[in-house]
2 protein chains.
Amino acid sequence: MNSTQDAHFDHISQQFNVELDDIRTQLMNMGGMIEQQLQDAMQSLKKGDSSSAYAAIKMDDDINKLEMSINDQCARIIARRQPAASDLRFIIAISKAITDLERTGDEIKRVAANIIKLVEEGATEISASEIRNIAKSVSGMISDSLTAFARYDVELAYAVVKRDEEVDEEYKTAMRALVTRMMEEPRSIATSMNVIWILRSLERVGDHAQNIAQHLVYLVKGIDVSHATAEEMQATIDK
Amino acid sequence: MNSTQDAHFDHISQQFNVELDDIRTQLMNMGGMIEQQLQDAMQSLKKGDSSSAYAAIKMDDDINKLEMSINDQCARIIARRQPAASDLRFIIAISKAITDLERTGDEIKRVAANIIKLVEEGATEISASEIRNIAKSVSGMISDSLTAFARYDVELAYAVVKRDEEVDEEYKTAMRALVTRMMEEPRSIATSMNVIWILRSLERVGDHAQNIAQHLVYLVKGIDVSHATAEEMQATIDK
């Protein structure tokens with residue numbers, strides 16, 4: 001814990017501390033649901049059985065509800081406490097992070113729906129290793145971006161941003177292979193398109209994890225790094 | 001102007017009114033840049049000349065800078081004014097709207113890059129009418145969502161959400177036609193993929209316009225309609 005983090009938990013009102021701590025805990029819960037949702041979708045790909053992918057789709061409702069509930073909580077705290085600037089920055093960073101998590105849930109829902117199509121066509125082997133690799137990477141990114149939030153760890157946030165560059169490369173390579181495949185086997189086009197949408201959504205999940213990491217850097221450093229290169233971001237962190 | 005809007009411009013400090021008015025004006029400016037950017041990208045498709053699409057890509061930098069500058073301005077107002085809950089809701093709604101506009105700019109940049117590829121391949125006729133139709137729809141949605149913001153017009157915000165449903169249908173129809181085309185003419189696959197990415201990005205632009213409309217409804221009505229159906233949203237507006 002560094003001084004910035006401590007500052008959020010040093011209010012005269014003990015109750016206010018509890019409230020701020022609670023929204024951070026809820027953010028972590030929401031992150032846990034997202035990780036479970038992605039794991040469920042991937043389980044279907046592995047087993048060739050669509051039931052857990054359906055569970056992943058259904059979970060999106062709960063994730064949406066949790067997002068609305070946390071947002072409500074943030075709004076109530078702001079209305080009641082009229083928080084000082086640093087607390088407000090904390091609340092706004094949480095609020096932005098849950099927006100990204102909610103959109104992550106939407107992307108994973110799309111992934112699950114496309115995996116169901118692959119299962120129905122008995123085509124789960126197509127590009128399964130590429131899908132699994134990228135899914136593993138972005139799942140780690142989500143997890144790390146939230147750990148960074150929990151620990152005010154800007155170095156870990158930087159690692160998430162760096163990792164997104166690798167994911168983008170993996171994604172491009174997989175995409176080129178798929179287009180080549182479609183040209184060589186036109187009969188595979190419909191199935192290949194499903195795989196393309198899956199990869200595209202997973203790549204977006206990585207982007208959202210990167211956004212969450214950037215919200216944390218803004219919270220801790222007060223500098224907007226959303227358009228910074230990895231090097232510029234490192235320079236900001238070292239300040 | 002309704003009472004909610006008036007409330008934002010009735011502060012003892014005249015200077016505070018000016019500051020709030022200014023961030024709204026900047027939001028409108030950012031919207032104007034986005035509309036220009038999309039128009040430039042479409043111009044290249046129409047003329048078969050990539051120069052204005054390059055201009056659209058370059059414009060993304062200016063849009064990003066404007067986003068950061070408005071966000072800074074919002075942060076400074078919050079720090080200095082310690083605004084009351086209703087003003088804060090206004091500032092947060094603006095801040096969320098510019099995040100959506102910034103991501104819209106990213107999507108249009110992708111559209112422009114793919115249009116350049118079509119121009120280079122001399123393939124601008126492929127699906128040009130579908131691209132133009134969807135571009136026209138989503139450009140109108142962006143414009144209307146900002147007008148809704150300027151006028152606190154929840155009915156217009158609702159119309160934007162309804163229109164997004166139509167765009168989603170247009171998009172699905174165009175996508176099915178493209179997949180069929182790829183199967184019939186495997187040689188067209190690489191080009192068709194460019195068109196698919198263009199349509200996908202335009203569909204996302206529509207989603208962002210819908211988000212902006214929903215931020216406005218939240219600002220005016222205090223109810224989160226981001227997961228509401230069009231009918232539920234209408235019920236909220238009628239309250």
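Within every chain, numbering begins at 1; the chains are lettered A, B, ... in the order of the sequence lines, protein sequences first and strands thereafter.
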### Task
Report the option among A/Lys65, A/Arg187, A/Met175, A/Glu102 that has the most heavy-atom pairs separated by less than 4.5 Å from atoms of chain B.
A/Glu102

### Query
How many angstroms lie between CZ in A/Arg200 and CH2 in B/Trp197, if you round to the nearest 0.5 Å?
5.0 Å

### Query
In terms of side-chain geometry, is the basic nitrogen of B/Arg103 or A/Asp100 positioned less than 4.0 Å from the acidic oxygen of its partner?
yes

### Query
Side chain, backbone, both or neither: which part of B/Asp106 has a heavy atom under 4.5 Å from chain A?
neither

### Task
May I ask you to test the A/Met193-B/Met193 pair for a side-chain heavy-atom distance under 4.5 Å?
yes

### Task
Pick out which of A/Asp60, A/Ile63, A/Asp61, A/Asn64 makes a side chain to side chain contact (heavy atoms under 4.5 Å, CB included) with B/His227.
A/Asn64

### Task
Check A/Lys96 against B/Ser95 and note the closest heavy-atom contact, atom names and distance.
NZ-OG, 3.9 Å

### Task
Would you check if B/Ile196 and A/Ile196 make a side-chain contact, meaning some heavy-atom pair closer than 4.5 Å?
no

### Query
For the atom pair CD (A/Glu67) and OG (B/Ser226), what is the distance rounded to the nearest 0.5 Å?
5.0 Å

### Message
Within this structure, what is the CD1-CG distance for the pair A/Ile92 and B/Leu88, rounded to the nearest 0.5 Å?
### Response
6.0 Å

### Query
At their closest point, which heavy atom of B/Met68 faces which heavy atom of A/Asp224, and how far apart are they?
CG-OD2, 3.3 Å

### Task
Could you look at A/Ser188 and say if it's the side chain, the backbone, both or neither that has a heavy atom under 4.5 Å from chain B?
neither

### Message
Between A/Glu107 and B/Arg204, does any side-chain N to carboxylate O distance fall below 4.0 Å?
### Response
yes

### Query
So do the side chains of B/Thr99 and A/Thr99 get within less than 4.5 Å of each other, counting heavy atoms only?
no

### Message
Using side-chain heavy atoms (C-beta onward) and a distance below 4.5 Å, is A/Glu184 in contact with B/Pro186?
### Response
no

## Note on the structure
residues 112-122 of chain B vs chain A, non-hydrogen distance cutoff under 4.5 Å, contacting residues -> none

### Message
Quick check: closest heavy atoms across A/Ala190 and B/Met183, and the distance to 0.1 Å?
### Response
CB-CE, 4.3 Å

